[in-house]
Amino acid sequence: MKMSRRARRMERNHKKFKIPPLNLVALMDIFTILVFFLLVSSSNTHQLPTNKDLKLPTSKSTLAPEDTLVVAITQKDILLSGVSVAKVNAVLHSQDNTIPTLIEELKFHAQAKSQKTGQHGRITIMSDENVPYEVIQKVLTSCQQSNYTKIAFAAVQKAIPKM
């Protein structure tokens, strides 16, 4: 059977513009990275800064903490946003009810935050479970004297058994 001129021309053009096979390996890599990114970024848990010298007490609260200024009290240091402002032993043996260096740093942070957002007053205290209460009390008093009145304590959240 003889082909018409039109059929031969169409066959010739189809051979000329043949589409190469699609490489799915690169496409699968892109989708894998995209899925991984979405899984990591869609986490709805709030992570507080961690410190290897800090063992938090446990809690049964179901509320997530807000993003605030963090005072961490390890067994050796008192840290404000990861920077040491005082030693626990020095605070424990001090006769003063406050920690002057902490007050000074808190006021500096309050001034910087109020200039950026127009508000301050929220702070989270992360304390090792073995730190004496006298130290925590002095930190609380220092926070209150620096106009940080909304104070939260960080703890490890335990799962609440369903009944």
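Just so it is clear, the structure is predicted and the values come from calculations on it, not from any experiment.
- In this structure, the side-chain contact (heavy atoms from CB on, under 4.5 Å) partners of Val25, at least two apart in sequence or on a different chain, are Asn23, Asp29.
- You'll find the side chain of Ile73 reaches within 4.5 Å of the side chain of Ile125, heavy atoms only.
- No side-chain heavy atom of Arg122 sits under 4.5 Å from any side-chain heavy atom of Leu69.
- If you chain together hydrophobic residues whose side chains sit under 4.5 Å apart, Ile103 and Val135 never meet in one group.
- A distance-only check finds a donor-acceptor pair linking the side chain of Thr141 to the backbone of Gln137 [under 3.5 Å].
- For the atom pair OG1 of Thr124 and OH of Tyr148, the computed distance is 11.0 Å after rounding to the nearest 0.5 Å.
- Between Val91 and Val139, the closest side-chain pair of non-hydrogen atoms is not below 4.5 Å.
- Atom CD of Glu105 and atom CD1 of Ile99 lie 12.5 Å apart (nearest 0.5 Å).
- Taking Asp96 as the reference, Thr98 meet the side-chain hydrogen bond (donor to acceptor under 3.5 Å, both in side chains) condition, with sequence neighbours excluded.
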Return all side-chain donor-acceptor pairs below 3.5 angstrom for residues 76-89, not counting sequence neighbours, or 'none' if the list is empty.
residue, atom, partner, partner atom, Å
Asp77, OD1, Lys87, NZ, 2.7

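- Here the CD atom belonging to Gln145 is positioned 11.0 Å from the CG atom belonging to Leu106, to the nearest 0.5 angstrom.
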Margin query: Using the rule given for side chain to side chain contact (heavy atoms under 4.5 Å, CB included), can you reason through Met126 versus Val70, listing the C-alpha separation, both sets of side-chain angles and the distance that settles it, and then say yes or no?
Written below: CA-CA 7 Å; Met126 296 172 56; Val70 177; 3.5 Å; yes

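- For the atom pair Arg12 CZ and Arg5 CZ, the distance stands at 9.5 Å (nearest 0.5 Å).
- No side-chain donor-acceptor contact under 3.5 Å links Lys150 to the backbone of Ile123.
- A distance-only check finds no donor-acceptor pair linking the side chain of Lys107 to the backbone of Asn147 [under 3.5 Å].
- Between atom CE of residue Met3 and atom CE of residue Met10 there is a gap of 9.0 Å, rounded to the nearest 0.5 Å.
- Residues Phe37 and Ile30 are members of separate hydrophobic clusters, defined by side-chain heavy-atom contacts under 4.5 angstrom among Ile, Leu, Val, Met, Phe, Trp and Tyr.
- Leu140 CG to Tyr133 OH: the interatomic distance, rounded to the nearest 0.5 Å, is 6.0 Å.
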